[in-house]
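Okay, structure first, notes after.
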Amino acid sequence: MLYTAYELQRSWLNAASTLASVGAQFLNNPQFSFGANSLAPVMASALEVFAHASAHYGKPAFDIETVEVDGATYPVTEAIVVHRPFGNLLRFTHPGLPENAPRLLIVAPMSGHFATLLRGTVARMIERCEVYITDWADAKMVPLSEGEFDLDDYIDYLIGFLEHIGPGAHMLAVCQPSVPALAATALLNDAKHPCRPLTLTMMGGPIDTREAPTTVNDLAMQRPIEWFRHTVIGTVPLQYPGAGREVYPGFMQLAGFMSMNLGNHMLSHYHMFKHLVAGDGDSADATKAFYDEYRAVCDLNAKYYLQTVEEVFQKHSLPKGEFVHRGQRIDLGKITDTAILAVEGERDDISGIGQTKAALHLATGLAEAKKKYHLAPEVGHYGIFNGSKWREKIAPVLEAWIAKHDRAKLKVVA
């Protein structure tokens with residue numbers, strides 16, 4: 001009933017959004033006399049804001065067509081190199097990269113948004129690296145015949161992707177995937193697997209949410225896992241390929257994030273309204289572009305979502321040494337070869353300060369020379385991997401870390 005009610009509401013809002021958009025265009029049309037009315041721009045702007053806020057957004061495209069490196073512009077090639085039911089592996093390259101350019105696997109969050117939320121991350125790192133990124137599927141589009149997907153499968157996917165890329169790769173996990181990425185790294189190091197990553201960078205990841213717990217952490221701790229199972233899990237309706245699959249709907253995740261900072265989101269739309277009234281289309285478009293991406297959400301397989309809530313946020317299994325993958329306990333002390341960089345934002349209200357840094361203390365078998373911590377001043381959660389501070393302040397730290405440990409630079413043989 002939860003999902004069905006949402007679909008009915010979405011159908012109504014889509015119609016209302018279309019009518020509002022038509023009304024705004026009509027009022028802004030110079031061929032009509034409405035332009036002479038001082039209220040016309042105000043009414044048109046209000047309708048345009050409503051149309052944008054109530055529209056439905058599908059999966060965005062990366063649309064990274066070119067990259068500028070050292071004053072030269074190169075065309076970017078995007079390709080699917082591995083196709084799997086719950087997620088593809090994408091590769092981004094350009095002809096300006098040297099043959100021995102570092103290969104970087106970016107692990108995008110499976111937390112309700114599409115991998116394109118990291119468009120800015122990819123666009124910046126492709127300047128110097130051959131970039132791969134996990135493009136997780138929308139669970140409502142995956143048929144039931146493909147089976148389930150949980151944290152064990154997530155880790156298996158990462159290992160499989162690293163094996164495809166080959167020995168000597170680097171891995172970057174943004175937010176939620178820091179946990180499975182760290183677990184996969186421990187497993188590969190323990191097995192002395194040739195495809196264990198040279199470096200693992202984790203940015204704003206919930207490695208140990210007992211450190212500086214945030215509102216998100218508190219919510220997970222305040223309710224038993226059965227509450228989540230019976231309250232936020234829905235069944236995919238018949239009109240989708242994944243009909244009958246139990247999921248944590250993307251619209252639930254979006255509602256949660258929006259409610260955390262509702263005042264800021266309302267203020268952003270008010271500012272967009274003022275920009276439209278004043279004729280400042282560029283500023284209004286910047287706000288639109290952000291929300292076009294932010295409001296494009298996807299569903300998560302229920303088993304994966306519930307296991308993540310329980311193991312990561314309630315039991316703290318990984319930092320306690322109790323996390324088990326396919327019957328094998330994950331021992332972070334087995335990480336001896338992969339250099340670890342932990343990045344946190346000073347103003348992060350999703351993953352508190354210390355939650356990602358905890359990985360450095362837990363990797364007891366790793367030499368201190370292979371550990372690094374970077375606290376980005378005046379940066380919130382989103383700013384860790386997108387925006388000017390990411391491009392100018394954080395990305396150079398990551399690039400230097402990769403260069404320091406890259407096999408092509410060190411001439412290390414596996």
Side-chain angles (χ1 to χ4, degrees), residues 77-93 97 99-110 115 118 121-122 125-126 129-137 142 146-174 176-202 205 301 304 318 323-332 334-341 359 363 365-366 370 401-402 405-410 412-414:
T77 300
E78 174 187 344
I80 299 174
V81 293
V82 177
H83 176 72
R84 300 195 64 183
F86 286 93
N88 297 330
L89 181 64
L90 305 185
R91 180 180 63 196
F92 292 83
T93 59
L97 287 172
E99 290 185 6
N100 62 350
R103 289 162 295 143
L104 175 65
L105 170 60
I106 298 178
V107 187
M110 185 185 277
L118 304 188
T121 317
V122 174
M125 294 310 298
I126 199 179
C129 298
E130 179 180 336
V131 174
Y132 296 79
I133 187 169
T134 58
D135 186 24
W136 301 115
V142 182
E146 297 293 351
E148 292 287 347
F149 185 91
D150 60 13
L151 265 176
D152 285 338
D153 296 306
Y154 196 124
I155 293 170
D156 291 341
Y157 267 50
L158 295 188
I159 293 174
F161 290 155
L162 285 169
E163 288 174 338
H164 175 84
I165 297 170
H170 303 264
M171 185 157 55
L172 165 62
V174 179
Q176 163 269 328
S178 294
V179 172
L182 185 59
T185 299
L187 288 170
L188 293 173
N189 272 253
D190 189 14
K192 294 300 178 183
H193 196 294
C195 294
R196 60 193 183 277
L198 293 179
T199 67
L200 169 62
T201 299
M202 293 169 286
N301 197 68
Y304 160 79
L318 189 62
F323 189 90
V324 176
H325 172 264
R326 307 290 185 200
Q328 179 180 349
R329 185 178 66 85
I330 302 295
D331 184 358
L332 299 181
K334 297 294 185 180
I335 301 176
T336 56
D337 299 322
T338 301
I340 296 178
L341 168 62
L366 191 63
K370 290 190 173 184
W401 188 248
I402 289 175
H405 298 279
D406 190 63
R407 180 156 304 161
K409 304 295 188 299
L410 298 176
V412 175
V413 178

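Throughout, numbering of the chain's residues begins at 1 and tracks the sequence. What you see below is based on every heavy atom in this structure, not just the backbone, and it leaves out hydrogens, waters and symmetry mates.
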### Task
Nearest 0.5 Å please: distance from the CG atom of Leu162 over to the OG1 atom of Thr185.
7.5 Å
### Message
I'd like to check the salt bridge (Lys or Arg N to Asp or Glu O under 4.0 Å) partners of Asp152; sequence neighbours left out, ordered by chain and number.
### Response
none
### Query
What are the two closest non-hydrogen atoms of Trp136 and Pro109, and how far apart are they?
CD1-O, 3.7 Å
### Query
Does the side chain of Ser178 reach to within under 4.5 Å of the side chain of Leu200, using non-hydrogen atoms?
no
### Task
State, with a plain yes or no, whether a side-chain heavy atom of Asp153 is found less than 4.5 Å away from one of Tyr304.
no
### Message
To the nearest 0.5 Å, what is the distance between OG1 on Thr93 and CD1 on Ile126?
### Response
6.5 Å
### Message
Parallel, tilted or perpendicular, judged at 30° and 60°: which one describes the rings of Tyr157 and Phe149?
### Response
perpendicular
### Query
Can you check side-chain contact (heavy atoms from CB on, under 4.5 Å) on Leu172 and Ile402, steps first, answer last?
CA-CA 10 Å; Leu172 165 62; Ile402 289 175; over 6 Å; no
#### Entry: Spacing of Asp190 atom CG and Thr336 atom OG1 [to the nearest 0.5 Å]
9.0 Å
### Query
Mind checking whether Asp406 and Asn100 have side chains closer than 4.5 Å, heavy atoms only?
no
### Query
Is the backbone N or O of Arg91 less than 3.5 Å from a side-chain atom of Glu130, with the two atoms forming a donor-acceptor pair by type?
no
### Task
Would you mind reporting whether Thr134 and Leu158 have side-chain heavy atoms less than 4.5 Å apart?
yes
### Query
For the side chain to side chain donor-acceptor pair (under 3.5 Å) test, which of His405, Lys370, Arg196 pairs with Asp337?
Arg196
### Query
Can Asp150 and Asn301 be said to form a side-chain contact (heavy atoms from CB on, under 4.5 Å), step by step?
CA-CA 7 Å; Asp150 60 13; Asn301 197 68; over 6 Å; no
### Summary
Exactly one of Leu366, Ile335, Leu332 clears side chain to side chain contact (heavy atoms under 4.5 Å, CB included) with Asn189, and that residue is Ile335
### Summary
Paired with Leu188, the side chain to side chain contact (heavy atoms under 4.5 Å, CB included) test is passed by just one of Lys334, Met171, His193, namely His193
### Query
Below 4.5 Å, heavy atoms only, C-beta onward: do Phe161 and Leu105 meet side chain to side chain?
yes
## Note on the structure
Distance col, row Ile106:CD1 vs His170:NE2, nearest 0.5 angstrom, shows 12.5 Å
## Note on the structure
Between Ala339 and Trp401 the two heavy atoms that sit nearest each other are CB-CZ2, 3.6 Å
### Task
Could you tell me which non-hydrogen atom of Ala184 sits nearest to which non-hydrogen atom of Ile159, and how far apart they are?
CB-CG1, 4.1 Å
### Summary
Rounding to 0.5 Å, atoms CD1 (Ile133) and CG (Asn88) come to a distance of 12.0 Å
### Task
Looking only at non-hydrogen atoms, find the nearest pair between Pro85 and Glu146 and report the distance.
CG-OE1, 3.3 Å
### From Arg84 atom CZ to Asp135 atom CG, the distance as rounded to the nearest 0.5 Å
14.0 Å
### Derivation of the side-chain contact (heavy atoms from CB on, under 4.5 Å) call for Met202 and Val107
CA-CA 10 Å; Met202 293 169 286; Val107 187; over 6 Å; no
### Query
Taking the inter-plane angle between the rings of His164 and Tyr132 on a 0 to 90° scale, is it parallel (under 30°), tilted (30 to 60°) or perpendicular (over 60°)?
perpendicular
### Message
Donor-acceptor check, side chain of Thr338 to backbone of Pro197, threshold 3.5 angstrom: yes or no?
### Response
yes
### Message
Could you check whether any side-chain heavy atom of Val179 comes within less than 4.5 Å of a side-chain heavy atom of Leu151, counting everything from C-beta outward?
### Response
no
### Task
Apply the test side-chain contact (heavy atoms from CB on, under 4.5 Å) to residues His325 and Asp156: give CA-CA distance (whole Å), side-chain angles for both, the deciding distance (0.1 Å), then the verdict.
CA-CA 9 Å; His325 172 264; Asp156 291 341; 2.9 Å; yes
